[in-house]
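Below is one structure; the comments refer to it alone.
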Amino acid sequence: MSVEAFTPSPVAWRRFLGRQPTLVIGAGILLFFLLLAIAAPLVAPYDPILQNADVRLQPPSFAHLFGTDNFGRDILSRVIWGARIDLQIAVIGVIFPFLIGTTVGTIAGFFGGIVDAVFMRLVDIILAFPFLVLMLSIIAILGPGLSSFYIAMALVGWVSYARLIRAQMLVLKGSDYAVAAVSLGFSRFRIMFRHLLPNAIAGSIVFSMSDATLVLLSGAAVSYLGLGVQPPLAEWGVMVAEGQSFITTAWWITLFPGLSIVCLAFGFSMLGDALGELLGVHE
Amino acid sequence: AGVLTIGRREDSTTFDPIKTAQNIDNWVFSNVYDVLIRVDKTGTKLEPGLAESWTVSDDGLTYVFKIRDAKFSDGSPLTAEDAAFSLLRIRDDAGSLWSDSYKVIDTAIATDPHTLTIKLKNPSAPFLSTLALPNASVISKAGIESMGAEAYGEKPIASGAFVVDEWRRGDRVILKKNPNFWQADRVKLDGVEWISVPDDNTRMLNVQAGQLDAAIFVPFSRVEELKKDAGLNVLIDPSTREDHLLINHAHGDLGKKEVRQALDLAIDKKAIVDAVTFGQGTVANSYIPKGALYYYSDNLKRPYDPDKAKKLLADAGVSNLTLNYLIRAGDEVDEQTAVLVQQQLAKAGITANLQKVDPSQEWDMTVAGDYDISVNYWTNDILDPDQKTTFVLGHDSNNNYLTNYKNEAVKELVAKARLELDPKKREQMYIDLQKMAKDDVNWIDLYYSPYINVARKNIDNFYQNPLGRFFLEDTVKN
Amino acid sequence: MHRYKFILTRPLQFLPVIFGISVITFILVRLIPGDPARNILGTRATPTALANIRAQYGLDQPMWLQYFYFLKNLANGEMGKSILYKIDVFPLIATRIEPTIALVLTSVILSILIAVPMSAIAARNAGRAPDHAVRVISTFGIGFPPFWLGLMLIIFFSVELGVLPVSGYGTTFTDKLSHLILPALTVALSLSTVLTRSLRSAMIESLKSDVATAARARGMPESVVFWRHVLPNSLVPTINLLAVNIGWLIGGTVVVESVFALPGMGQLLVRAIFSRDYMVVQGVAMTFACATVLVNFIADIVTVAVDPRVKL
Amino acid sequence: MSASVLSVRDLTVRVHLDGRARTLIDHVSLDLAKGEILGLVGESGSGKSLLCRSLVRLLPSSLIRIEGGAVLLEGRDLTTASEAEMLEVRGGEIGMIFQNPTSHLDPVMRIGDQISEGIRYHQGLSAKEARAAAIEILTQVGFPDPVRQYDSYPHEFSGGMRQRAMIGVALSCNPKILIADEPTTALDVTIQAQILKLLLEIREKRGLSIILITHDLGIVAQTCDRIAVMRNGKLLEQGPKRTILSRPQDAYTINLINSHPSMPDEAPMPEPLLASSAASTKPLLEIDDLHVRFKVGGSLFKSSAKTVGAVSGVSLQVMPGETIGIVGESGSGKSTLARAVLGLTPISSGHVSFEGIDLAQQRAAGLAKLRRETAMVFQDPYNALNPRLTIGQMLTEVLKVQGKVPASAIPERIDELLDLVGLEREFANRKPRSMSGGQCQRAGIARALAVDPKLIIADECVAALDVTIQAQIIALFRELTAKMNLTLMFIAHDLAIVRNLCERVVVMYRGEIVEEGLSEEVFARPKHPYTAALIAAIPDIDPDKPLLSSASLEDELQSMPALPVKRMP
Ligand SMILES: Nc1ncnc2c1ncn2[C@@H]1O[C@H](COP(=O)(O)OP(=O)(O)OP(=O)(O)O)[C@@H](O)[C@H]1O
Ligand SMILES: Nc1ncnc2c1ncn2[C@@H]1O[C@H](COP(=O)(O)OP(=O)(O)OP(=O)(O)O)[C@@H](O)[C@H]1O
Ligand SMILES: [Mg+2]
Ligand SMILES: [Mg+2]
Ligand code: NI
């Protein structure tokens, strides 16, 4: 199946989507969470941070569909507002590594030689560097909170993209159309970014989808160690981590944010699969 | 008979008593080492330990201890020489974390194997209490000299109820009964295992599943549930822990007494006790913990009154008060308190910006005065209130527990109370201090909370005194 | 065989990596605000006591000098003393390394045991119900945070059924193994997802490949085609992925170690970071780095062994 | 004619896509007699492979189904046989040889094991016996050292040897019928000759019946007894080879026979341009003792970093307006020479000068000139085009960068170029993936022309194409060189094409020029034995000009060590 041959028209769209159940499910889930995040103030039944001592630790009921936590905060509302932060984490936590990794990978792969050797040693170092040391150190240096988390993710995460792109670049730069481009007198910059990169990037796009899940989970792990987002913000990972104490008494505190992570992860993974098929990428 | 397994959050770091200041270490020291003078089960009285009896000279400078017939775990006799060595070591050793507290000792001499004579540089009312500190435990002079401090710190030769049999670092400390303990008859257990289970849930589940006999640090949120478990006893023992809200007096309007009083009025301690401690704590009204020596129960309890707080702020000409609230990351209770206090302060028109940082850094920032308010707690190590009072009100080197609180009258009274040897007069001085501190709002007393432990039903006499000591020599496993 | 010659030459490339990591960790941990001396002294810190301790651990020296001493110690086979534990870092790490290695090994074995059949089922039924089921199930494995998953496993297997120990690490081999099952399962549930995804798509590709067609054309039954041709050909890309993931795992077992109270390196590291125990952080980081490098090295050897075409 | 071992009756295969069914094999009936070789020819996509796969029910996708007809193997209908029976049939009764041995042999399994696997499974022999049997088969298919080579992996062999192994695998189960699906398309002519000979031998020895699929009528003419011609899933005609070749009935078959390049008389030789170009004394391109060496297997140890000479000491002059053919086997250095000339591969030593500018001395100036005045057409039509750009975008970019045409005139120029290469103008909006190989190749030529070059180097630009399309492209080149006074270097390993197109030919062997001269001359009277061998190995469409007639060729080939064969698309 080729994407290029496809000219969008409403009917064609419908046919196209009909053939891509994975894409529909994946994109649908992400779209749902996106809408939820945007419409959070409208759809959330309660204020996500407002405490109410009268309704502490209530199991799910009609008043509180997902129950309440130990401050009497409505879990449903917190889950809805949490979508904002978690989508942001997934997106920002992936975009920067993606951009950095792509650039580095393109340059290293295209130029080869000493540039490549230096970058790849750096990649080796970061790969061998215990993720946790870096993560905790960065967070400790910059203080807990999302921006430190993003910086830590960007510092570590780019290597995967760089490796993917570089490997592709090494293959592509020897390809006939790259040589053809050289023979036609195109500049190196043009060849690198206009001709090779677009062809090399598909694998990274697909990987970024599963990476988004990994980023969310890294966030949750950081929360477990107590260095997640600043309270009283609602973030799913933090909610699961905080709800730990009530796991045997008030299961709903952890279950619903946990399920939300799973759903979002599922959406990302479906979209990744679909993109992989569409872009003709094999992991 | 039997081996008692106890789950706790972390493993020990060392068995060299002078090189640590952590409860996690001290609580095991009390099982392994013996001290000259012990604190009793109620945590209010001193009682003889290795020192059978003692006399104090009238000027309060010379103490003579009679050392009882006791043996170290290797069978060698414990002498006054060892006691003197231990005290001088904690005072002089480069690795000692406690030297400052023992600088008051001028000389410590073993006059004979059973007599220890200590001369102080100046009189000190709390001196006897400091001898009960686990860090001042009596160590074997011959043992440490032949083994070297490092090896000794792994597997010490001591004179307590138990000896270190094996230490699996990061996992557990295995103690076995010390047959040479001078009260060996009292010890029923064959041994004790202190097992590190960092995750609160896992630790509780371990006891519930019967894989541990007991666990300490029961989270407040779990108490009610565990009480329902027929196989378990939830043990709630009074402690000297007090949680308080530090206020940085050096920061702007917080220097004004009215503003601090307004803060005190704006915080609903009862709500904190309910929501955060699940009703396990009690509202605090003094910096001296309830039940501790010289605690003044009638001290002022400011009611929760956000409107009055607002008015007070307005009167003081303060509006839009915005505070930087520092939180220790990873401390669940701390975070929950913060979330609650933030909302309460908002009702009084005060904005609190929460800033969560890693514990070590939080400590650094508090020391640097880089905060407006922050919750902290204190547990007494010794019975005498002097230690805490000096730290909190006595204008010591730490800026009055990092609050930058300044009140010369209070400062003088603290110094005087330290030297006063008459208990009656001394008590009155501490009552005055508690009143003055409350009036000044040096910090905001939040709540007192007990030690909460859990043990299986077949465990008897698993008890922790207010200073944290476990009396495992009395514990029975049926 | 000269295809394996890289075994002799490759280790030389490790040196710059290890050196780089030692420098970065050294600087990084010292950049973190927080004072190890104040940290162990706690609320009782006094200026003299602080100065005392800083001097004792050489923390009052300039950083480059500290690094010099570190290298000097290393040359003597020492790594400096832990501020928190008061003993040398090497023996400290030695006591903690086994559970982590055992956990990683068991997890990897377990995840392979899960991933291979799962992906086999999915690939052989690609696009049909079992395939979808595998994909949904495995998303659950990766979507739930391990600390939640771990507790659920404990509650189910240890508290309700009472068949496995809740937490900790044993002394005898079988004892250790029984303690490792649940934590390894927790890790494996997420690791196997990653492997399953990769294996599944490699297998689908492989099942359609000319190699498989050729095998069928000579009358091999589907099972022979699958196990003898499709599986070995699908493994190659997965080995690399596994290696990268083991690398992450080695440095990331802390959450699982902490939930299951395994006295491993992860816990040691976290406690060391939180208490600014510089030398321990340094030692653990370098141990992890060496382990990761070693894993990649082994992966290279396995790749060469599995795929005769590969030359390194 | 003896009784048929296999009869296909009205076989119909359909594919169901998007709810619509398309017929891929349309009521095909044919018979295969014992000991017979049936040649199945037809253009790409005509359903040849599919037909053979249907015989053993190994359809490439679950969407493709047999929906009618019967396949009778000694009376049994295979379309209704159980899956278990089919396991016996596949391999045991009907063996398959595939077009591309590189992708069909398991790369991670030893060659010998792949052969003994079938033996053990079908004949139930023990591992040891199977090994002995496999070694026997390896000997049969011409492995010189079977005992040692049993333990080798496919990648350790040349393409020809791999194809032999593939045949060995097919023989391992001792089938009665062998289906060979384009067994030599990927191979050089010389190797192809060997493999065809091997097939004939095996047929002799074992009395096998063979279905040989190919798109090369020459091969059919040389090896088969009967021919079947397919197009669009239908069997157009079938019959004894001589009948079909001499009296084809169907228009398509006639076209197919006529466009076969081994028919030189059909197209008149281009007028020798040498006379006119002799006037211009200066050669356009001068190559002097050119060497190109590649490092191979260089690792940490310097000692192990060996170099191979891909081009060793080539000297050549190309006059303006000339059409020169470069031929030689795979790996003989043709592409490397082309790339080195255009400055796309570093030169190890020697000189290349283009219009008098020496590339080595004035590199920047030389390269700039080369980029503006030369162009290359690449061998692989798909891979030489950026898959993400439409043909229009691609041409626009070239025209912009070259800057020879004002921006406003670009669309017009693109239309012109497309017209020139015979592509409809709407192709400007297409991307390579939605175009056929031939169309891509034309786009590649259009791109080369967009540079408005003096020199075009066309590197095996027709090798991957069907004969019919090949003929079109050759015609295009002929037209272009005539119209635009273009100098053309045409690289191919197929001598027949070169003979058709070029007035001068250069024969390369292992990086060296072994023979050079006027095409007429070289083809008629090859001086070098290698050239002679190459020419002899071309399967002629005339069955009476038998391939492999000369014994000398055999010796020649044996004395040449197997060359590394590059895979072709
Ligand atoms: N998996 C598939 N799905 C749908 N259509 C297919 C599939 N495989 C082959 N076809 C179609 O079946 C027809 C016959 O293909 P087949 O491979 O038999 O051609 P061929 O004659 O062998 O061509 P070639 O000479 O290129 O090998 C083609 O039109 C092709 O598009
Ligand atoms: N980049 C390279 N690195 C190493 N060796 C190479 C490289 N390119 C070509 N070679 C080798 O150089 C020799 C000549 O290759 P070249 O591609 O020029 O052959 P060719 O005649 O074009 O073959 P074909 O007909 O298959 O296209 C071959 O042995 C090949 O393996
Ligand atoms: Mg075919
Ligand atoms: Mg070539
Ligand atoms: Ni594909």
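- For the residue pair T253(C) / T100(C), no side-chain donor-acceptor distance below 3.5 Å is found, with atom types taken as modelled.
- Evaluation of the ring-ring contact (aromatic ring centres under 6.0 Å, His included) rule for F129(A) yields no partner, not counting sequence neighbours.
- Residue contact with chain C, scored on non-hydrogen atoms closer than 4.5 Å, is absent for S260(A).
- Ranking V136(C), I18(C), V281(C), I204(C) against chain A, the residue ahead of the rest is V136(C), based on heavy-atom pairs under 4.5 Å.
- Within the 4.5 angstrom heavy-atom criterion, no atom of F19(C) approaches chain A.
- Under the salt bridge (Lys or Arg N to Asp or Glu O under 4.0 Å) criterion, R163(A) pairs with no residue at all, not counting sequence neighbours.
- The contact between I21(C) and chain A is made by backbone and side chain atoms together, counting heavy-atom distances below 4.5 Å.
- Put simply, the side chain of Y150(A) reaches to within 4.5 Å of the side chain of I89(A), judged on heavy atoms.
- Salt bridge status for R271(C) with D277(C): absent, with no side-chain N to carboxylate O gap under 4.0 Å.
- Of the inter-residue distances, the one linking S107(C) atom OG with N245(C) atom CG reads 11.5 Å to the nearest 0.5 angstrom.
- To the nearest 0.5 Å, atom CD1 of residue I239(C) and atom CG of residue L242(C) are 8.5 Å apart.
- Counted within 6.0 Å of CD1 on I114(A), heavy atoms from surrounding residues, nucleotides or ligands total 12 or fewer; the atom is thus considered open.
- Of the two parts of T22(A), only the side chain, counted from C-beta on, holds a non-hydrogen atom closer than 4.5 Å to a non-hydrogen atom of chain C.
- With a 4.5 angstrom heavy-atom cutoff, I125(A) touches chain C via backbone and side-chain atoms both.
- Looking at every heavy atom in both residues, L191(C) comes nearest to L249(C) through CD2-CD2, 4.2 Å.
- Contact annotation for W148(C): both backbone and side-chain heavy atoms come within less than 4.5 Å of a heavy atom of chain A.
- Of the two parts of L259(A), the backbone and the side chain both hold a non-hydrogen atom closer than 4.5 Å to a non-hydrogen atom of chain C.
- When heavy atoms are compared at a cutoff of 4.5 Å, L269(C) approaches chain A solely by way of its side chain, counted from C-beta outward.
- Interface residue V244(C): only side-chain heavy atoms are found under 4.5 Å from chain A.
- Only the side chain of M270(A) comes within contact range of chain C, with at least one heavy atom under 4.5 Å from a heavy atom of that chain.
- Heavy atoms of V159(C) lying under 4.5 Å from chain A are absent altogether.
- Looking at R276(C), only its side chain comes within 4.5 Å of chain A, counting heavy atoms on both sides.
- For the pair P36(C) and Y278(C), the tightest heavy-atom approach, listed with the atom from each and the gap, is CD-OH, 3.7 Å.
- Only the side chain of M152(C) comes within contact range of chain A, with heavy atoms under 4.5 Å apart.
- Using the six-membered ring where Trp is involved, F256(A) and W251(A) have ring planes that are tilted, between 30° and 60° apart.
- When heavy atoms are compared at a cutoff of 4.5 Å, S258(C) approaches chain A by way of both its backbone and its side chain.
- The candidate with the highest count of non-hydrogen atom pairs below 4.5 Å against chain A, out of T238(C), N296(C), V259(C), V295(C), is V259(C).
- For L151(C), the part lying under 4.5 angstrom from a heavy atom of chain A is the side chain only.
- Among G247(C), G20(C), C290(C), P33(C), the residue making the largest number of heavy-atom pairs under 4.5 Å with chain A is P33(C).
- In this structure the side chain of I126(A) reaches within 4.5 angstrom of the side chain of W158(A), judged on heavy atoms.
- Residue I139(A): no heavy atom, backbone or side chain, is found under 4.5 Å from chain C.
- Of all the listed residues (I247(A), D124(A), T213(A)), the one sharing the greatest number of non-hydrogen pairs under 4.5 Å with chain C is I247(A).
- Contact annotation for T25(C): both backbone and side-chain heavy atoms come within less than 4.5 Å of a heavy atom of chain A.
- Only the side chain of I273(C) comes within less than 4.5 Å of a heavy atom in chain A; its backbone stays farther off.
- In terms of heavy-atom proximity, S206(C) sits nearest to N233(C) at OG-CB, 3.7 Å.
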